[in-house]
Structures are given as C-alpha cells and as structure tokens.
Asks: 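Supplied in structure tokens, the structure appears directly below.
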There are 2 protein chains.
Amino acid sequence: MNLSDLLTGLKEKGLKLTPQRQQILRVLLAAEQPLSAKELGMLVNRRFPNVGLGTVYRTLDTLKQLGLVNETVFPGGGRRYELCREHRHHLVCLGCGRAVAFPFCPADCLAKIAAANPDFDVRGHSFAVFGYCGKCRKAQA
Amino acid sequence: MNLSDLLTGLKEKGLKLTPQRQQILRVLLAAEQPLSAKELGMLVNRRFPNVGLGTVYRTLDTLKQLGLVNETVFPGGGRRYELCREHRHHLVCLGCGRAVAFPFCPADCLAKIAAANPDFDVRGHSFAVFGYCGKCRKAQA
DNA sequence: TATTAATTGAAAAGAATTCTCATTTAGCAC
DNA sequence: GTGCTAAATGAGAATTCTTTTCAATTAATA
Ligand SMILES: [Mn+2]
Ligand SMILES: [Mn+2]
Ligand SMILES: [Zn+2]
Ligand SMILES: [Zn+2]
C-alpha cells in the first residue's frame with residue numbers, strides 16, 4: 001500500500017485530496033508503530049506548521065470510516081492509529097511506550113467465541129501483550 | 001472473594017476501612033460487568049450522595065496497585081474497572097456497550113510471543129472481541 | 001479521649017477529544 | 001483561466017475524562 005493507492009482510494013470516495021490529508025497519509029506510511037493523535041500532529045507539523053489537532057482527528061475519523069486506518073487502545077487508555085496493512089497486534093512496553101508488532105492472532109479463541117455466541121455479530125478483536133522491554137528493565141536495575 | 005476478604009486485604013496493607021471504600025467495594029462486588037468510573041460513582045452515590053469522582057479514581061488506583069481491581073480499555077477508549085476474580089476477557093457490543101465475559105484466553109499465542117521475545121518481561125495481556133449483540137442487531141433492522 | 005497520619009470533598013487544573021463557525025480551497029463547469 | 005460551490009480547514013471554545021491541590025474530616029491507635 002503506497003501513497004498513490006491511498007490517494008486513489010480517497011478520490012474514489014469523492015473526498016478532496018488536500019495537502020493536509022496527503023501529509024497525514026505520508027506520516028502514517030512512514031510510521032513504524034501506531035501513533036497517537038498528538039504524535040501524528042507533531043510529525044505533520046514539520047512540513048505544515050499550522051495544521052491543528054482538529055484536522056488530525058477529523059482526518060483520522062474519515063480514514064477509519066474508509067477502513068484505511070485502524071485505532072488501537074493501549075493499556076492506560078491512549079488511542080493510537082496506524083494504516084491498515086496486514087492484521088497485527090502489539091507487544092507494548094509499559095515503561096517507554098514502544099510497541100513491537102507480531103503478525104499472528106488468537107484464531108482458536110476467536111473460533112470458540114464465535115461458536116459460543118451465534119447471536120453476536122463479531123466485527124473485530126483486540127489483543128495486546130504488555131510488560132517491560134529489555135532497555136527499560138536495564139534502566140530500572 | 002467476598003467483602004470481608006477484601007476488607008481484610010486492605011487492613012493488612014495498612015489502609016483505612018472508610019465507608020467510602022467499603023461502598024465502592026460493595027458496588028464492584030455486585031457489578032455484573034466492568035464499570036466506568038462514572039457509573040461506579042453514580043452507584044456509590046445511591047448510598048453516599050457526596051462521594052466525588054476524585055475519591056472514586058483515587059480508590060480505584062489504590063485497588064489497582066493492590067492487585068484487587070483491574071482496568072480494561074474497551075474500543076473507543078473508555079476505561080472500565082472490575083474486581084480481579086478469575087482471569088477473563090470480554091465480548092463487547094459496539095452498539096449498547098454491554099459486555100459478556102468469557103473465561104479462556106489465547107494461551108498458545110502468549111507462549112509463542114514470550115518465546116520469541118525473551119528480553120521482554122511480560123506482565124499482562126488484553127484481549128477483547130467486539131461487534132453487535134443480538135438486541136442491537138434487531139434494533140437496527 | 002487525644003493524637004496523628006491517612007483520607008476525603010470540593011474545586012481547580014490538565015489532558016484528550018469534539019464541536020463551532022468564519023474562512024479557505026479542491027474539484028469541477030464553463 | 002475564471003468563477004462557483006460544497007467540502008475541508010484553522011482557531012479556538014466547549015466537553016469529557018482524569019489528576020492534583022488543599023483545607024477539613026476521620027479511622028486507627030494508644
Ligand atoms: Mn488478531
Ligand atoms: Mn487472558
Ligand atoms: Zn521500554
Ligand atoms: Zn448491543
């Protein structure tokens with residue numbers, strides 16, 4: 001998934017290709033881990049200093065609705081955003097906040113749950129493992 | 001786990017057994033699903049109308065630190081609290097917010113992750129499945 | 001009952017997110 | 001290119017959620 005694919009996607013939905021949106025997408029493409037709205041805003045501001053958080057949140061909303069971005073909630077409550085690429089989950093450090101992705105998910109659990117709750121229309125799931133990374137453990141000791 | 005067990009726990013840690021704390025624990029014991037701080041506060045207020053949210057949050061913090069309460073973050077970002085009973089996860093309705101617990105967790109995934117990241121000190125994990133419950137589906141249709 | 005440190009209520013402060021509205025602008029027709 | 005229009009933006013106000021502050025209260029202990 002590259003920038004022009006994403007822009008084509010927006011265009012098809014009748015959305016304007018504003019420079020702000022393009023830059024937000026560029027930052028998301030370059031990100032190596034899920035970003036908070038604030039982090040995303042700061043990165044966007046490197047090139048467009050007066051894009052406000054309002055625009056960041058609005059854009060994230062539209063991208064979520066288009067299914068291009070997904071929102072993950074990490075322990076402590078912070079919402080983070082990333083482009084939808086391969087489905088993945090994260091190993092999150094409670095010390096420094098860094099996240100490492102892993103590509104597999106609890107398929108057996110999901111199957112059990114769906115089987116046990118036929119009335120429920122399952123739309124998604126979240127899974128995250130948290131603890132302390134090597135660096136933070138050394139820093140503590 | 002009943003009320004006097006919990007109170008004994010608090011006492012052992014040198015914490016005061018205030019009526020506010022007791023009521024918060026009673027409400028958490030009676031709850032059938034994780035509560036937001038606000039919901040918890042309102043339920044506490046039925047008996048103690050002037051307990052403020054400040055006290056609710058402070059008490060939840062102490063209970064978390066004692067390992068008696070755990071915090072779960074549901075999709076959208078709301079933090080919810082429940083007594084630590086058996087380890088469990090939830091099936092959460094995106095429509096009405098109701099949650100149903102299920103008692104198993106992705107053990108195989110957790111093992112794979114721990115094996116692949118020996119430097120990382122795993123302290124916990126979160127897992128939630130979301131979608132729309134039977135009631136909400138009927139309401140939509 | 002007197003003492004004391006922990007706890008509380010009330011209110012202020014902070015942080016995160018959403019809303020409002022006047023202004024700007026991308027996309028389109030001419 | 002020029003003008004039109006609905007969509008998008010910037011700036012800031014407003015909400016909502018959570019933490020902090022501090023003077024007053026109170027549970028625990030002697
Ligand atoms: Mn998964
Ligand atoms: Mn589990
Ligand atoms: Zn770390
Ligand atoms: Zn529902």
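On a predicted model such as this, the values are computed, not experimentally measured, just so you know. Any value given below was found using the heavy atoms of this structure, including those in side chains, with hydrogens, waters and symmetry copies removed. Quick note on labels: first sequence line is chain A, next is B, and so on, each numbered from 1.
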Asks: Could you list all the salt bridge (charged side-chain N to carboxylate O under 4.0 Å, His left out) pairs where at least one residue sits in residues 16-28 of chain B, not counting sequence neighbours?
Replies: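 Salt bridge (charged side-chain N to carboxylate O under 4.0 Å, His left out) check on residues 16-28 of chain B returns no pairs.
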Asks: More than 12 non-hydrogen atoms from neighbouring residues, nucleotides or ligands closer than 6.0 Å to CZ on A:R85, yes or no?
Replies: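 More than 12 within 6.0 Å, yes.
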Asks: First contact, last contact: which nucleotides of DNA chain D are these for chain A, 5' to 3', heavy-atom distance under 4.0 Å?
Replies: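 So the contact region on DNA chain D extends D:dA6 to D:dA11.
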Asks: Within residues 51-66 of chain B, find the residues that approach DNA chain C with a heavy atom at under 4.0 Å, and present them sorted by residue number.
Replies: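 Listed by number, they are B:V51, B:G52, B:T55, B:R58.
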Asks: Check this for me: does any side-chain nitrogen of one of A:R58 and A:D61 sit under 4.0 Å from a carboxylate oxygen of the other?
Replies: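 Salt bridge between A:R58 and A:D61, a charged N being under 4.0 Å from a carboxylate O: no.
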Asks: Roughly how far, to the nearest 0.5 Å, is the CZ atom of A:F102 from the CG atom of A:L91?
Replies: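 Those atoms lie 6.5 Å apart.
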Asks: With the threshold set at 4.0 Å, does a side-chain nitrogen-carboxylate oxygen contact exist between B:E71 and B:K64?
Replies: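 A salt bridge links B:E71 with B:K64.
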Asks: Whole angstrom is fine here: how far is it from CZ in A:R79 over to P in C:dA15?
Replies: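 A:R79 atom CZ is separated from C:dA15 atom P by 18 Å.
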Asks: In Å, rounded to the nearest 0.5 Å, how long is the span from CG of A:N70 to SG of A:C84?
Replies: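 With rounding to 0.5 Å, CG (A:N70) is 4.5 Å from SG (A:C84).
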Asks: Near DNA chain D, which residues from residues 11-33 of chain A have a heavy atom under 4.0 Å away?
Replies: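 Residues of residues 11-33 of chain A under 4.0 Å from DNA chain D: A:L15, A:K16, A:T18, A:Q20, A:R21.
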Asks: Could you list the donor-acceptor pairs under 3.5 angstrom formed by side chains in residues 125-139 of chain B, with sequence neighbours left out?
Replies:
residue	atom	partner	partner atom	Å
B:H125	NE2	B:H87	NE2	3.0
B:H125	NE2	B:H89	NE2	3.2
B:R137	NH1	A:D119	O	2.7

Asks: With A:K112 as the cation and B:F104 as the aromatic partner, state whether NZ or CZ is under 6.0 Å from the six-membered ring centre and within 45° of the axis.
Replies: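 The answer is yes; both the distance and angle limits are met.
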Asks: Are any of the side-chain nitrogens in B:E82 or B:R88 under 4.0 Å away from the carboxylate oxygens of its partner?
Replies: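 The answer is no: the pair does not qualify as a salt bridge.
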Asks: How far apart are the closest heavy atoms of A:D5 and A:N2, and which atoms are they?
Replies: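 That closest heavy-atom pairing would be N-OD1, 2.9 Å.
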Asks: Is the side chain of A:T55 donor-acceptor paired with the backbone N or O of A:V51 at a distance under 3.5 Å, no angle test?
Replies: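 Not a single qualifying donor-acceptor pair exists.
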Asks: Can you name the closest pair of heavy atoms from A:Q22 and A:L17 and give their distance?
Replies: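 Taking every non-hydrogen atom into account, NE2-O, 3.1 Å.
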Asks: If the helix axis at each end comes from five base pairs, how far does the helix from C:dT1-D:dA30 to C:dC30-D:dG1 deviate from straight, to 10°?
Replies: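 For the helix from C:dT1-D:dA30 to C:dC30-D:dG1, the axes at either end differ by 30°.
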